[in-house]
Every structure is written in structure tokens, then in C-alpha cells.
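Following: one structure in C-alpha cells, then a few remarks.
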Amino acid sequence: MLKRTRIVEILSSENLNGRFVVMGWVRTKRDSKGGFSFIEINDGSCIKNLQVIAAQGLSNYKDQVLKIQTGCSVKVEGILKPSPAKGQSVELHAEDITVFGWADPDVYPLQKKRHSFEFLRTIAHLRPRTNTFGAVARLRNALSCAIHTFFQERGFLYIHTPIITGSDCEGAGEMFRVTTLDLGNIPEKEGKTDFSRDFFGTAANLTVSGQLEAEIYALAMGDVYTFGPTFRAENSNTSRHLAEFWMIEPEMAFCDLEGDAALARDFLKYVFAYVLEHCPDDMAFFNQFIDSSVIETMEKLILQDFEYLTYSEGIRLLSESKEKFEFPVSWGVDLQSEHERYLCEKVFNKPIILVDYPKEIKAFYMKLNDDQKTVRAMDVLVPRIGEIIGGSQREDDYDLLVQRIKGANLNPDDYWWYLELRKFGSTPHAGFGLGFERLIQFVTGLTNIRDVIPFPRTPGNVSF
RNA sequence: UCCCCGGUAGCUCAGUCGGUAGAGCGGGUGGCUGUUAACCACUUGGUCGGCAGUUCGAGUCUGUCCCGGGGAGCCA
């Protein structure tokens, strides 16, 4: 195939008067009847466009170049020169322009103006060609890379936990059923679906969390993490929920809640510093057009200490405050996002890690404290969005875990392998979970989660 | 799933008391210019979300369904 230079390299090149070939998609074109055209090209390598000067001396100037419009794909070969005008430092003076594909302006949906995110969601096959979604794609890539690098540098093993699970008891919401049964002719046995005739010989679902399996590997390999797709069949219609999303779940053997909290803090500081360093142009774009506070918020968070306090102390601070809350506060209630934001933004004005929640409002696998009333759970709260990470030290005592499972009206038999981890060589261990898309929302300032994943799956929508 | 708001030109929206449809942008044509979401003039463009109802007459009122937005619940 043809050799090309990416625009990101050209714009950082000092090789003026050098010859380059670029290929990309036309964002906008301005004609000068004085005898040349300005064509701005974007190839996805960076948010900036390259300005091409197309003079009328080009052999196809009249029959092709003048007809180029937003959306066309082109190859341009030319000489890079300093730009005499404001707006760009360099520009490519074309010696040859080839049009790969046209984009009929009567029907091409993208115009050289701002579109609503709602409209762009209906054309998810074209929206990565816009500034915002191009920037999101690069940022999502950089954040993925930052996450892997963070864990790899610390000796964590990347574990691939299953997408399809035989357990319907992971306890984190409604699950999608996976089946090869003929839905028009479902085999039954004693009035119920006979899953013994299904593909796996039993009912199967898409995973809602890799945590329980991650614990298996943590209790053999030490420090592990998962980073993969997760599925929830909840009928949630909000700007913060997807039916298919990506989750990061580290799990550490020989680790208590304090170690877990320290990792969560270091993790956030690391990935934020990473994107500020690696994506300055895209971050500047988000800061200018999406949310003018995103860069400052991240810079502050990198430098600040995280406040560490217990749920009970948090409740006390909320009770003593003169702030009027829509939901009243008392010991034992789950905190609403207004409470979390008050503590985070008004009381401390920095990220906080809340620990030791009442056992009644947290999951069965969290380790019981000596007070018998609270568990070793933590929520990491950050300004603007509240909870960004949830984690806990896991219950490692066999008998206590059996009690907690029964107390949650679950059947210990369904958790036989999970319980055996506590029977053979059990050890203190801890971990946390982080929704990848919510992390991207925090970094970009985008308010709707459907705009930070390439192809959002939500109730009633699996297009593309 | 619940509450509130919305769906009108390719896009973003206006549309009064129920009386047969408007603007900006985009597209087209012409003009002008080392331009920057260029600019100026003219022009093009509609099953008013679907179905049913009230009415002489519905974009407008009523019912219902679909879709989107904001909030809530669930949660990541």
C-alpha cells in the first residue's frame, strides 16, 4: 500500500521544505477565486487538521479539487512550508491530490458545524470523524494503556476472567441469559425450562463481574487484575449506565483495606498524570469545549492527599452540617450522591476515601469488622461525580463467609469453590472495581456515558 | 421501571387564541477574498414521531404507542 506520514508527525516535524504524503478525510475546504483552495485534512492521528494549499496549477484542479467537500477521503503529496497566516504554523503545498472516495454533500450527514451528541449517536458509524469522538477514541486508548502500564509496572498479572458464566449468583444485578435453545420450542421438564439440554448442560449468563474469579488467581499469583467487558441487563435509562461496559478489577493477596485504598489512590493519580502527559491536545479540547474544569480538577487531584475517614465520621459530619439535603442522613443509610458531593466538595475539597460501611448496605463478601456492625468496604469519592471506585477487603474466614451468604438469602452450595478458597490456604486479600467508562467521563467531562464508548448498548439499542 | 420535559426542512430551533409552515446553518448558483465554523446576494428544501379521536378545520386539543433529554431507583 501507499506510504504515508501521519499528520501528528508532520505537525511536530521540523523538516520544513520536506516532501510528505498524507492521507485522510477532508474536514473543510475554502476556495479562493484567486486561484487556490484551502483544504483541511484530518487523519485521526491527532485532533489538529493539516491545512493543504491546492493551487489551480494542479492537473485535476477544476474537475476534482474544486468539487472536494467535507467527508471526502484524499491523498495529498506536497512540500511542507511555514504558513504565512495565523491559525497554523505549517501547511502542505500540494503537488498531487488524489480523491479516494467522494462524500455527496446532499446526503453526507456531517457538516462543518457543531452537531448535537443526540444526533451523532444515531450515526455512530460516522461520529468518530468528528473532533469530539476522535478525541474520545484517542483518550480511551491512552487510558487503557495507562491502566495496563500501571499494573504491569507493579507486578500485577492480567487475568482473563470468563465472559460466560455458569453462576447466576454473582449478586450484582440482572444478567443476560446465554443459550442455544430454540426459543420457539423451549424444552421443558416439570414445567420449567430444561437447561440440561442447553449448550452447557446448565443455565449460563454473561458475567456481571470478574471479581470472584479474580480472587481465585489472586490467591495463587499474588497480585492480579482484570480489564474486560461486563454485562448488566438492568433496565437502566440514565446517562451513567450501559448494558455492556468495561470494568477494571484488581485483586491482591496479603492485602488489607488500607493497602487497597493506597492502591486506588496511586492508580487514579497515575492514570490522570498519564493522560495529561500523553494527550495534551485532546485534553485541551475537552477543557475548551466540553467542561472548562477537567484539567484543573485532574491536576489538583494528582497533587492532593486523599482524605481517609470512616462512614460513621462521614455521617457525623453530614448530621452536624447546616446544609439542607433532599434525603435525610442517619447511621445505617446509604449515602446519596448529594451527600458524597457535599463531603467531597464542601467539607474537604479534595478526594476522600470512605471506609467501614454498615454491613447491611454492602455485599456479602466484604470482611466483617470486630464491631460486628460494619464491613471493610471503601468508596473513593472525587469532586464533580462522587463515587468513582468501590472496593473492599474480602471476608477470608470460612465460617463468617458462610454466615454472610446465608444472611443475604443466598445458597452456600452455589459458592462452593469460592468458599473453598477460605478452606485451603486462606489469606487476607482485597480489591476494588472501577467502571472504565465512568473514568473516561470524569477525564473528558462528557456527561452522557453513551458518548465515551464507541458503540453503546442500552435498553432498546444495539445498533452498529 | 417511575417523575418531568421534548420530537416541526439534511442539522439546530421558532411557530401566539385551533385557520393550511418559518429562521439560521447546510446544499445549489453567482460574486468576493491567504482563507480559518470565511463573507455577500439569490435559491433549494416539510407525511410537523406513529396510530386513533374531538372539530367545519389540528403542528397546536385529547388518548395511546415509539424515540430522545433531565432527574430518581439500580449500580460501575
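Letters A, B, ... are given to chains in the order of the sequence lines, protein chains preceding strands, and every chain is numbered from 1.
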* With a 4.0 Å cut-off on heavy atoms, is A/Ile53 in touch with a base, just the backbone sugar-phosphate, or nothing at all? -> base

* Between B/G73 and B/G49 - C1' atom distance, rounded Å -> 28 Å

* Picking from B/G70, B/A37, B/G34, which would you name as closest to the side chain of A/Ser239? -> B/G70

* Please give, in whole Å, the distance from B/G34 P to A/Gln56 CD? -> 13 Å

* What base-paired stems does RNA chain B take part in, with at least 3 consecutive Watson-Crick or G-U wobble pairs and both distances under 3.5 Å? -> B:1-7 with B:66-72, B:10-13 with B:22-25, B:27-31 with B:39-43, B:49-53 with B:61-65

* Whole-Å distance separating the CD atom of A/Gln441 from the C1' atom of B/C75 -> 13 Å

* Does a donor on one side chain and an acceptor on the other come within less than 3.5 Å for A/Glu95 and A/His93? -> no

* Is there a donor-acceptor contact under 3.5 Å linking the side chains of A/Glu249 and A/Ser209? -> yes

* In whole angstroms, how far is the P atom of B/G34 from the CG atom of A/Asp31? -> 13 Å

* Return the nearest nucleotide to the side chain of A/Arg240; candidates are B/C74, B/G71, B/A38. => B/C74

* **B/U16 versus B/G6 - spacing of their P atoms, nearest Å** => 13 Å

* Does the side chain of A/Arg30 get closer than 4.0 angstrom to OP1 or OP2 of B/A38 through an N or O atom? -> yes

* **Between B/C74 (P) and A/Glu387 (CD): distance, integer Å** => 12 Å

* Asked: So which nucleotide from B/G69, B/C74, B/G34 ends up closest to the side chain of A/Gln88?
  -> B/G34

* **Footprint string (nucleotides 10-15 of chain B, 5' to 3'): B base within contact, S backbone only, - free, heavy atoms under 4.0 Å** => BBS---

* Under 4.0 Å between a Lys/Arg side-chain N and an Asp/Glu carboxylate O for A/Arg376 and A/Glu395? -> no

* Using the P atom as the reference point in each nucleotide, state the distance between B/G50 and B/G10 in Å, no decimals. => 14 Å

* Asked: For RNA chain B, whose closest nucleotide is more 5', that of A/Thr447 or that of A/Gly390?
  -> A/Thr447

* Could you measure between the two P atoms, the one in B/C2 and the one in B/G19, and give it in whole Å? => 35 Å

* Asked: Given that A/Asn237 and A/Ala85 both sit by RNA chain B, which one's nearest nucleotide is further toward the 5' end?
  -> A/Asn237

* Show your reasoning for whether salt bridge (Lys or Arg N to Asp or Glu O under 4.0 Å) applies to A/Arg240 and A/Glu437. => CA-CA 9 Å; A/Arg240 305 178 310 283; A/Glu437 283 74 20; over 6 Å; no

* To do: Could you work out the separation of B/A38 and B/G26 based on their C1' atoms and round it to a whole Å?
  => 15 Å

* Length of the line joining A/Ile39:CD1 and B/G34:C1', which is rounded to integer Å -> 14 Å

* Asked: Counting side-chain heavy atoms from CB outward, which of B/C75, B/G28, B/G34 is closest to A/Gln51?
  -> B/G34

* Near-strand residues of residues 242-253 of chain A, defined as heavy-atom separation under 4.0 angstrom from RNA chain B -> A/Leu242, A/Phe245, A/Met247

* **side-chain N/O A/Lys86 vs B/G34 OP1/OP2, d < 4.0 Å** => no

* Asked: So, are A/Asp256 and A/Lys367 salt-bridged, with charged N and O less than 4.0 Å apart?
  -> no

* Distance between the P atoms of B/G27 and B/G63, in whole angstroms? -> 42 Å

* Asked: When you check the gap from the basic side-chain N to the acidic O, do A/Glu40 and A/Arg27 get nearer than 4.0 Å?
  -> no

* Given B/G69, is OP1 or OP2 found less than 4.0 Å from the side-chain N or O atoms of A/Arg450? -> yes

* For residues A/Glu251 and A/Tyr217, is any side-chain donor paired with an opposing acceptor at under 3.5 Å? -> no

* Asked: Salt bridge or not for A/Asp260 and A/Arg394, using N-O below 4.0 Å?
  -> no

* Check step by step if salt bridge (Lys or Arg N to Asp or Glu O under 4.0 Å) holds for A/Glu118 and A/Arg450. => CA-CA 10 Å; A/Glu118 291 86 351; A/Arg450 300 170 191 205; over 6 Å; no

* Asked: Are A/Arg154 and A/Tyr270 in a cation-pi contact, defined as NZ or CZ under 6.0 Å from the six-membered ring centre and within 45° of the axis?
  -> yes

* In whole angstrom, give me the gap between the P atoms of B/C56 and B/U12. => 38 Å

* Asked: What is the distance, rounded to the nearest whole Å, between atom CZ of A/Phe38 and atom P of B/U35?
  -> 7 Å

* Let me know the distance between NZ of A/Lys112 and C1' of B/C39, rounded to the nearest Å. => 12 Å

* Asked: Quick one: A/Phe36 CZ to B/U35 C1', roughly how many Å, whole number?
  -> 8 Å

* To do: May I ask you to say what A/Asn448 touches in the nucleic acid, namely base, sugar-phosphate or nothing, with a heavy-atom cut-off under 4.0 Å?
  => sugar-phosphate

* Does a side chain donor of either A/Tyr225 or A/Gln152 reach within less than 3.5 Å of an acceptor in the other side chain? -> yes

* Would you kindly check whether a donor in the side chain of A/Ser236 faces an acceptor in the base of B/C75, or vice versa, at under 3.5 angstrom? => no

* To do: Have a look at A/Thr28 and say if it touches a base, only the backbone sugar-phosphate, or nothing, with a 4.0 Å heavy-atom cut-off.
  => sugar-phosphate

* Gap in Å between the two C1' atoms, one belonging to B/C74 and one to B/U60, rounded -> 39 Å

* To do: May I ask you to check whether A/Tyr61 and A/Ser37 show a side-chain donor-acceptor distance below 3.5 Å?
  => yes

* To do: Walk me through it: do A/Phe227 and A/Phe156 pass the test ring-ring contact (aromatic ring centres under 6.0 Å, His included)?
  => CA-CA 12 Å; A/Phe227 184 5; A/Phe156 282 62; over 10 Å; no

* Between the side chains of A/Tyr365 and A/Gln211, is a donor N or O closer than 3.5 angstrom to an acceptor N or O? -> yes

